[in-house]
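Below, each value reflects all heavy atoms present in this structure, side chains not excepted, and no hydrogens, waters or symmetry copies. Naming: A, B, ... by sequence-line order, numbering from 1 per chain.
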Amino acid sequence: MANPILEVRGIRKRFFATQALDGVSICVEPGTVHAVVGENGAGKSTLMNVIGGVYQTDEGEIYLEGEKVSVRSPNDALQLGIGFVHQEIALCQHISVAENIFMPAIRGAGLVDFKGIFAKTAKLLADFEAHSRIDPHQKVRDLSISQQQVIEIVKALSVNCKVIIFDEPTAALTESETEVLFRIIGTLKKKGIGILYISHRLAEIYRVADMVTILRDGRLIETRAVADITQVELVNRMVGRDLKDIYPAKAVASAMGCGAAATAGPATAEPILEVSGLTRKGEFEDVSFSLRRGEILGFAGLVGSGRTEVARAICGLSRKDSGRVSLLGEEIEPREYRDAIAKGLVYLTENRALEGLFLDLSIAKNISVMDLSRVASVGLIQAKAESGLAEKYSSEMQIKLASVGQKANSLSGGNQQKVLISKLLSVAPKVVIMDEPTRGIDIGSKAQIYHLLRKLASEGIGVIMISSELPEVIGVCDRVAVMYEGRICGILEGADVNERSIIQMACLSSEERETEGTGAAV
Amino acid sequence: AQVQNKKFSGPADQTYYMCTFVSGVEYWVAAFEGFKDAARQMGVKAVYQGTTEYDGPKQVTAFEQIMTKKPAGIALSPVDDAAFIEPVKSAMAKKIPVVTFASDTNTAKVGFVTSSNEKEGAFAARAMAKALGGKGKVMVTRNTQTNHQIRVNTFIKTLKDEFPGIEVVAEYMSQQDGAKTYAAIMSVAQKNPDLGGIFSPEGPSGRAAAQASVELGGKIKVLCCDMDAAILEMIQKGQMMGSIQPNAYMQGYLSFMILYLTKNQMVDPLNGASAKGDFLLSLPYVDNGLDLITADNAKYFYTNDWLKKRGSKQFVGW
Amino acid sequence: MNASTIKGAAPADAKRGRAGRLGGKGGFREGTTILVILGLGLIMTFLSPYFLTVENFRTMFMSFAINGMVVIAMTLALISGGIDLSVGAVMALVGIVVGTLFLNLHMNIWLAAAIGIGLGLLIGAINGLFITRIGLSPFITTLGMMQVGYGVASVVSQGMPLPLQSLPDAFKFIGRGMIGSTGMPFVILLFLVVVFVFDFLSRRATIIRKIYYVGSNEKSARFSGINVNKVRMGVYMLVGALAAFAGILSIARFNSATNTLATTVNMDAISAAVIGGASLNGGEGTIFGSVLGIALLALIQTSLNLMDVGPYWQSLVTGLVLLVAVSLDFLSHRKTR
Amino acid sequence: MNASTIKGAAPADAKRGRAGRLGGKGGFREGTTILVILGLGLIMTFLSPYFLTVENFRTMFMSFAINGMVVIAMTLALISGGIDLSVGAVMALVGIVVGTLFLNLHMNIWLAAAIGIGLGLLIGAINGLFITRIGLSPFITTLGMMQVGYGVASVVSQGMPLPLQSLPDAFKFIGRGMIGSTGMPFVILLFLVVVFVFDFLSRRATIIRKIYYVGSNEKSARFSGINVNKVRMGVYMLVGALAAFAGILSIARFNSATNTLATTVNMDAISAAVIGGASLNGGEGTIFGSVLGIALLALIQTSLNLMDVGPYWQSLVTGLVLLVAVSLDFLSHRKTR
Ligand SMILES: Nc1ncnc2c1ncn2[C@@H]1O[C@H](COP(=O)(O)OP(=O)(O)OP(=O)(O)O)[C@@H](O)[C@H]1O
Ligand SMILES: Nc1ncnc2c1ncn2[C@@H]1O[C@H](COP(=O)(O)OP(=O)(O)OP(=O)(O)O)[C@@H](O)[C@H]1O
Ligand SMILES: [Mg+2]
Ligand SMILES: [Mg+2]
């Protein structure tokens with residue numbers, strides 16, 4: 001076997017009360033992809049940050065190509081040839097794409113060779129270009145999240161690395177971009193580069209990784225060849241117990257006791273939320289659907305197909321040109337989001353750092369924000385009630401934290417997501433619209449969220465789940481609305497909720513569908 | 001035309017400017033009234049300009065902008081002596097006569113109208129010493145403004161030379177900030193419970209000093225230069241011992257007259273200036289006199305009452 | 001604003017952030033400021049026999065009781081992620097308008113004062129409209145408003161201070177009266193009450209908590225159902241009202257109104273708030289902290305006066321003490337990490 | 001995973017891309033400021049016969065050529081996510097120190113000027129140390145430094161302006177000389193050159209680009225191997241040097257040095273930069289934009305003077321024009337989106 005290109009030994013790292021890493025060792029061979037898996041807060045990002053010079057270890061050593069190195073800053077890491085795609089996007093929003101990508105190369109004095117970097121950027125982006133047209137001159141703040149993630153990746157690739165770290169690179173990528181990434185990883189492998197790869201999507205691990213290291217609570221559980229471990233075993237080792245049903249039983253099945261019956265079950269139940277003719281010029285058009293009591297309605301479609309915008313327009317978070325929304329039979333016209341909340345209609349944003357959390361405020365304050373009156377009397381907040389509320393949800397949602405007084409930005413990504421969900425549930429909503437609710441969440445917690453959504457649905461709360469991950473849409477939803485270019489092109493239910501139908505509907509243009517004569521239209 | 005045949009009238013298209021700094025001071029009101037009266041008597045226009053801040057470069061800009069309007073003359077009270085030397089030189093070179101008043105700049109101009117700052121300082125020192133019976137402790141406040149510094153310096157020097165029984169126990173850099181001055185005086189008074197008097201070379205600090213004196217039991221004698229209605233009220237109520245007020249109206253009036261005489265060649269001095277094409281006048285120092293305002297005469301000094309009586313238009317720039 | 005972005009004051013904030021968590025409710029920050037104040041006070045007690053006297057403390061408190069109202073206002077503006085440069089102008093303008101109403105229009109002074117508060121609210125509302133409707137930055141808006149305010153004050157007063165000795169005694173009392181024979185000025189008590197109320201509200205009241213949310217992350221606030229524009233509007237109106245209140249107190253205290261009344265109050269208020277832990281980036285700061293900030297500044301000033309520091313040295317020493325005090329404060333709670 | 005992959009282009013993203021590109025290079029921002037300036041200029045041309053004259057433009061440019069250096073400096077500080085309140089004090093202090101060295105120590109003026117620049121660098125370095133090493137916020141640090149600077153200036157000058165008529169003519173020339181017979185003051189040319197150089201550098205030079213990166217997202221800059229502390233240190237030193245340079249120019253122009261020289265320069269510089277598109281949150285702003293900002297302010301001032309607007313009305317009108325101009329600017333490029 002070749003000598004390891006990167007080896008870390010006995011890494012320990014503590015943040016106040018949290019022992020984030022407790023003697024972790026890992027060994028990456030050149031030309032291989034080494035996956036690191038574990039629950040949210042297991043210490044994956046912390047380990048990568050130690051290797052990447054963002055954090056300093058309390059104990060432990062790092063060896064690069066057999067030589068002991070000290071990585072005291074991200075700059076050291078870059079100099080040593082360690083590339084890093086961080087979990088959270090960290091780009092200069094006011095600056096052009098090209099400059100962001102070549103920032104590590106812009107050193108010393110002299111003039112920036114803009115012509116050169118624009119050209120090189122265009123070339124580097126060429127791989128992704130087919131799927132997401134990005135102009136090297138554009139400012140990063142004008143890009144979508146997935147485009148920004150592409151920039152992060154291209155930026156790391158622009159440096160000549162020996163080792164490259166991907167911390168959840170696909171969480172914000174579109175499917176097609178993910179494909180491109182895998183192809184690029186293949187090329188990197190051929191060049192003999194060592195790759196560390198973190199993802200909560202286990203299928204990806206099986207697709208690209210050679211080795212897998214499992215972390216739990218900051219400790220190394222084991223390192224195995226991917227080929228030698230089954231997915232079930234992997235999951236069980238990660239969560240430390242048997243995880244049986246990732247997806248809960250569907251409403252139809254539980255209601256009827258057997259297979260799909262399109263006319264029975266919740267299909268006949270009363271509608272909770274009805275939307276008809278919702279339109280905003282240029283964004284979405286004539287969107288109509290109804291959500292029935294007891295069911296989970298999924299929204300699938302390509303990125304940019306308008307799902308997010310529809311959800312926001314329903315909740316009064318953005319404007320609509322026309323269309324009606326009725327909740328429990330009563331027509332509502334939320335002029336602001338707070339009107340919708342008051343009526344029991346809530347929305348979980350797809351962008352937790354930018355639109356979801358108050359990163360500098362405590363977890364308790366993050367959870368209580370939507371309805372302060374719940375923790376207040378005569379307009380005064382009761383600290384006990386506030387922390388009590390937060391504690392209730394953090395134990396219910398199993399948020400990994402030291403105290404509810406700690407700031408939200410000290411939580412791992414997945415746990416931040418759970419804080420957001422807690423915040424929504426704390427107002428006892430009637431309908432929840434969850435936009436990419438499991439983004440960045442570990443498999444155990446995903447299962448937990450799926451079961452939670454099902455429990456909500458069975459308690460009579462309407463649940464809409466917007467997701468770009470087909471397996472979970474199929475696994476969780478009773479019915480799936482598929483959107484294409486701002487229109488709902490069909491709502492699938494029962495046995496039709498399968499990959500083939502959804503993909504077909506989401507990708508084919510309307511003319512093609514007409515010629516095919518699909519009958520699944522609303 | 002021969003000088004002796006000229007009339008004090010017009011030409012109507014002449015505009016004379018008065019240019020000051022820190023325009024939130026009542027002092028300029030009377031000065032500009034004098035300036036305006038004279039202008040109206042001659043049938044020419046008068047305009048008031050300046051900066052609201054205590055800022056040399058800004059006043060230079062204001063001055064230079066007046067120059068671009070081709071004025072018949074400028075009466076200037078410069079915030080900073082040295083900074084105005086060149087601007088005044090260039091105005092004079094462009095045949096725009098400049099008179100300085102109240103404060104000066106050290107270069108050739110057609111005249112300088114003021115009451116003597118030295119005299120004010122000495123006058124104040126003697127008045128203070130008399131009120132204190134020749135012994136006791138006093139405090140002064142200061143500002144970075146040449147004429148104010150001269151007043152304070154002569155005040156201190158006169159006390160030292162003539163009244164050895166009086167000691168200056170504290171100096172405070174007020175920069176005309178009333179609230180801060182007040183706090184400073186309170187502290188000084190704590191330390192010197194027998195503080196007998198305070199001298200301020202300007203109004204805002206004087207007001208603050210009187211306020212402090214009142215709150216300390218009214219034993220401290222407060223004397224300042226410049227006045228405004230609030231100060232007059234304090235003097236009338238015995239909260240302030242008095243104020244030394246240069247005759248601002250005359251300052252303005254005389255400044256205008258010098259400009260007018262020069263610009264329109266109304267005089268014919270026996271010095272060859274007209275033959276050489278120079279300005280006819282270069283009066284080194286014209287004293288406009290000063291008054292001590294005390295409880296006895298304070299009621300005559302209210303600017304607003306005076307303006308009302310004069311039927312004067314409001315003191316507004318345009 | 002991108003939440004994943006660390007902004008300007010970052011290293012400090014990041015550090016403070018972590019320290020803050022240890023102390024849970026941010027108690028540490030204020031704790032160290034108190035220690036710095038006590039330390040300086042102790043030194044002064046040894047250096048000057050006049051320091052630890054009732055009169056001195058009365059003077060010191062009087063020196064910031066009125067401007068302290070503005071500091072509270074500024075703190076709220078900073079917490080919301082904004083700033084208000086027009087507070088000094090509002091103070092001056094309200095003083096002059098109230099004085100003019102009383103003096104020239106012979107209006108009842110209490111009615112005039114009420115109109116003054118209304119004027120403060122109005123100016124705050126105009127600031128708020130420019131900021132929320134047009135979307136101008138608070139800095140530019142309130143800068144413009146500052147100039148308009150001073151301008152109107154100057155035009156109304158014709159640049160002359162308004163003599164207000166004739167104010168009724170009951171009104172003068174709120175600015176300069178003592179409570180019974182205690183020797184405690186009413187205005188200090190008033191200040192302490194206002195501080196207490198606002199500090200309590202800022203920790204507990206839902207309406208003020210929303211200001212923190214908006215300042216911490218405006219988008220998240222919107223996505224949590226908070227009407228961001230309403231909150232910001234409210235902040236600027238509150239700031240306007242508090243500044244107006246300070247303007248009224250100051251005519252009651254000084255019995256004169258001038259357009260140059262409060263030229264330095266903006267910077268002083270921002271400085272006090274920042275010393276007390278507020279950040280120009282919003283989301284941080286407490287009323288109590290800011291009041292400690294202004295108290296520290298007043299203490300430095302008083303100490304210099306008591307020590308007979310010459311007029312030209314004061315600014316120098318103030319700057320040095322400020323830098324040392326704030327560094328000590330900062331380093332001391334960096335150690336707690 | 002393979003099977004569940006959805007292939008196909010994302011049309012929305014493509015759309016967004018193109019929209020972004022249109023406004024991409026930030027050219028609009030400055031464009032509208034120029035339009036506002038031209039509009040106001042046009043109005044003035046009709047209103048005043050003195051507006052469109054060589055002297056008027058010379059006066060106008062002279063009024064901001066020197067402070068313009070400080071505006072450039074402040075813009076860089078703002079871009080880095082910081083602020084420098086000590087620029088005015090550095091200007092005043094350097095003027096006084098250079099003047100004193102020349103007048104009292106009979107030092108060669110050019111040597112004295114070089115020492116002045118060194119002093120500016122030193123003060124900048126001290127600011128930088130407090131900010132990067134101790135981690136104080138730039139606001140507090142430079143506020144303290146401002147007081148120290150003014151303090152030293154007052155102590156050295158004993159509160160009196162220093163008369164510097166005796167400066168050699170060659171030195172005076174840089175402040176007030178005309179180039180040949182063109183009637184073009186040297187200092188304006190100098191200013192234009194400095195603006196051009198800094199604007200060019202700020203768009204192209206690696207060292208200044210890094211300031212943008214640090215101000216835009218410090219984390220991103222750090223992750224990209226940029227030594228954030230070094231960049232910030234550099235910024236404050238550069239700011240110090242530019243402020244010192246402005247101080248030297250101003251003694252060459254006014255032939256006097258005083259500790260009150262530049263009391264309003266801080267706010268004016270921040271205002272100009274913010275009007276020109278800089279943000280107090282860092283990452284944004286251009287040298288050219290800020291220069292347009294100060295030009296707009298100077299234009300407003302000139303217009304008021306030319307119209308014989310009295311000083312009491314000036315502040316009011318300035319505030320109104322500022323609010324209207326900035327709102328227009330803002331609304332106009334909101335429309336382009
Ligand atoms: N800056 C920090 N300050 C305090 N605690 C931290 C900090 N960063 C991480 N932690 C804690 O360290 C633990 C490990 O976090 P880490 O981010 O490494 O988890 P992760 O495995 O990457 O999780 P995820 O899958 O959710 O991203 C968590 O408990 C987290 O709360
Ligand atoms: N960050 C953004 N900047 C500009 N426009 C955006 C942004 N996000 C969404 N949009 C606009 O909203 C429209 C619909 O996108 P939306 O996000 O609703 O789609 P989606 O199906 O939810 O996709 P995604 O999975 O990316 O959320 C797009 O056409 C786009 O123009
Ligand atoms: Mg992570
Ligand atoms: Mg979406």
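- When the side-chain contact (heavy atoms from CB on, under 4.5 Å) test is applied to C:Thr75, the partners found at least two apart in sequence or on another chain are C:Val71, C:Ile79, C:Ala273, C:Ile287, C:Ser290.
- With D:Ser315 contributing its side chain and C:Gln147 its backbone, the two residues share a donor-acceptor pair below 3.5 Å.
- A 4.5 Å side-chain heavy-atom check between D:Ser154 and C:Leu316 finds every atom pair outside the cut-off.
- The choice from C:Gly149, C:Ser157, C:Ser271, C:Ala153 that makes the most heavy-atom pairs within less than 4.5 Å of chain D is C:Ser271.
- Results of the side chain to side chain contact (heavy atoms under 4.5 Å, CB included) test with D:Val148 over C:Val317, C:Leu320, C:Thr318 single out C:Leu320 as the only residue that passes.
- In this structure, D:Leu85 and C:Met267 have side chains that are in contact, with non-hydrogen atoms separated by less than 4.5 Å.
- Heavy atoms closer than 4.5 Å to chain D are found in both the backbone and the side chain of C:Ile270.
- We find the CD1-CG distance between C:Ile126 and D:Leu323 to be 9.5 Å, quoted to the nearest 0.5 Å.
- Annotation: side-chain contact (heavy atoms from CB on, under 4.5 Å) contacts of C:Ser137 (sequence neighbours excluded): C:Phe139, C:Ile140, D:Val274.
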